[in-house]
Amino acid sequence: MTAPELDVMLTFHWPIVMRRVMADGSDPWLAQFVKSIARHGKRPSWRPSAKQEQIMRRLVSELGTAPEPEVELIER
């Protein structure tokens, strides 16, 4: 993963991934992973390992690009 790709992923896609994983709350390992990546991503010299990169790309493709679910209002 190049530095610009990582920057785009962490800046634009990762916050969406984090919100969706934390809202779901069904997988504690995944919640810890996304928080860990966000924490490490703040360091300028950090680069993900090959395994981290693979998981990050999968999460972004599954969660980070799908549209937000439509919220149903209580009152119309």
Any [X] side-chain heavy atom under 4.5 Å of [Y] side chain:
X: I37; Y: W46; result: yes
X: L63; Y: I16; result: no
X: P15; Y: M18; result: no

Nearest-0.5 Å distance, [atom1] of residue [X] to [atom2] of residue [Y]:
X: R20; Y: L30; atom1: CZ; atom2: CG; answer: 13.5 Å
X: M22; Y: K35; atom1: CE; atom2: NZ; answer: 4.0 Å
X: L6; Y: M56; atom1: CG; atom2: CE; answer: 5.5 Å
X: H40; Y: R47; atom1: NE2; atom2: CZ; answer: 13.5 Å

Qualifying residues under side-chain hydrogen bond (donor to acceptor under 3.5 Å, both in side chains), relative to [X], sequence neighbours excluded:
X: T11; answer: none
X: E53; answer: R57
X: D24; answer: S26

*Is the number of heavy atoms from other residues, nucleotides or ligands within 6.0 Å of CD (E5) greater than 12?*
yes

*Apply salt bridge (charged side-chain N to carboxylate O under 4.0 Å, His left out) to R58 and list each qualifying residue two or more places apart in sequence or on a separate chain.*
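Residues passing salt bridge (charged side-chain N to carboxylate O under 4.0 Å, His left out) with R58: E62.
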
*Could you walk me through whether V21 and D27 pass side chain to side chain contact (heavy atoms under 4.5 Å, CB included), step by step?*
CA-CA 8 Å; V21 168; D27 189 347; over 6 Å; no

*asked:* Using 30° and 60° as the class boundaries, would you call the ring planes of F33 and W14 parallel, tilted or perpendicular?
replied: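 Rings of F33 and W14: perpendicular, over 60°.
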
*Residues two or more places apart in sequence or in another chain: which of them pass side-chain contact (heavy atoms from CB on, under 4.5 Å) with K51?*
S49, I55

*Could you tell me which residues satisfy side-chain contact (heavy atoms from CB on, under 4.5 Å) with D7, sequence neighbours excluded, listed by chain and number?*
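With neighbours one apart ignored, the set is empty.
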
